Amino acid sequence: MISVQFRGVRGSIPTPSRSHQRFGGNTSCVQLHLPETEKKLILDAGTGIFELGNELMSTRGNDAIEGNIFITHAHSDHIQGIPFFKPLYSSGNYFGIHMPPQEDSSCEQILKNLMAPAFFPVSPDAFQAGIKYITRKTGPEIISENVMVESHNVNHPGNVYLYKIHAYGKIIVYCPDNELIESDSRMLNRYIRLFENADLLIHDSHESRLSYQNKAGWGHSAWELVCELAADAGVKQLCLTHHSPDNDDRSLEERSEQLLKYRRHFRGLRFAAEGDQVYV
Ligand SMILES: [Zn+2]
Ligand SMILES: [Zn+2]
């Protein structure tokens with residue numbers, strides 16, 4: 001069994017205020033718990049990766065930490081935790097950091113820019129861990145005998161991927177930023193094929209059908225459409241994420257009640273909250 005833990009479910013900007021505490025204020029980060037023998041697998045490096053890093057450091061004993069961080073794109077809510085991820089500063093650890101190319105910039109260049117003197121006191125040269133920066137093309141990459149990760153382009157400003165993870169016979173799709181366009185049946189059919197029979201789909205739900213009317217082109221989906229498409233794709237569990245900073249706990253609780261009408265299509269269905277753990 002694989003467990004999937006949500007470390008940050010907020011989109012765009014961290015929201016630490018009291019009115020956002022139940023669903024959480026940290027930006028995008030998900031941790032996959034694979035068998036002990038596997039390297040760590042982390043999806044996105046928003047502010048949620050900070051506490052994850054502290055936890056890894058405090059529980060590692062004398063062991064080195066090895067893992068892969070798959071970043072969907074370079075918008076700040078998906079990379080801003082990297083300079084605060086302590087395992088990168090500790091020698092003996094080893095990480096692959098994967099990212100799609102951004103215009104002419106490689107993964108390494110983007111992270112150098114993030115830690116340029118104007119934005120952060122030290123450069124990535126301060127990292128003591130072994131780091132392999134991987135500017136990814138679309139397509140499959142074998143991580144180990146039992147884990148393979150596919151990258152696919154999605155509809156979001158910039159060059160952005162979803163990651164489809166095949167691990168131990170299960171399929172987990174991570175797609176936190178993606179604008180589904182209801183009138184574009186060709187697009188919807190492509191996603192139905194990509195999500196088909198996924199054991200778990202983690203998808204952008206930043207907008208509702210109502211709020212989307214003023215946000216076409218911003219790169220995010222209406223949660224109702226995501227539910228309908230995931231049901232058509234035969235997705236088993238659906239976790240909705242990347243909550244808008246404008247949606248406080250009360251509005252997400254109201255939405256959670258509305259979610260009940262889609263419940264019968266799925267084994268599990270929820271608006272993800274920080275700390276939630278789901279099993280596939
Ligand atoms: Zn985002
Ligand atoms: Zn984005």
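Numbering of ligands and ligand atoms starts at 1, following listing order. It should be emphasised that the depicted structure is a prediction, and the values quoted were computed from it without experimental measurement.
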Trainee: I'd like the atom name of the N/O/S atom in His73 lying closest to the Zn ion (ligand 2).
Mentor: NE2
Trainee: Side chains of Asn247 and His20: any donor to acceptor distance under 3.5 Å?
Mentor: no
Trainee: Strictly by modelled atom types, are His166 and Asn146 linked by a side-chain donor-acceptor pair under 3.5 Å?
Mentor: no
Trainee: Please determine whether a side-chain nitrogen of the Lys or Arg among Glu179 and Lys215 lies less than 4.0 Å from a carboxylate oxygen of the Asp or Glu.
Mentor: no
Trainee: Is it true that some N/O/S atom of His206, main chain or side chain, lies under 2.8 Å from the Zn ion (ligand 1)?
Mentor: no
Trainee: By atom name, which N, O or S atom belonging to His242 lies closest to the Zn ion (ligand 1)?
Mentor: NE2
Trainee: Please name the atom of Asp77, limited to N, O or S, that comes nearest to the Zn ion (ligand 1).
Mentor: OD2
Trainee: Assess Asp177: does it contribute an N, O or S atom lying under 2.8 Å from the Zn ion (ligand 1)?
Mentor: yes
Trainee: State whether the side chain of Asn93 and the backbone N or O of Ala64 hold a donor-acceptor pair below 3.5 Å, judged by distance alone.
Mentor: no
Trainee: Looking only at N, O or S atoms in His75, which is nearest to the Zn ion (ligand 2)?
Mentor: ND1
Trainee: Any N/O/S atom, side chain or main chain, of His78 closer to the Zn ion (ligand 2) than 2.8 Å?
Mentor: no
Trainee: Do you see a donor-acceptor pair shorter than 3.5 Å between the side chains of His73 and Asn159?
Mentor: no
Trainee: Any carboxylate oxygen within less than 4.0 angstrom of a Lys/Arg side-chain nitrogen, looking at Glu55 and Arg7?
Mentor: yes
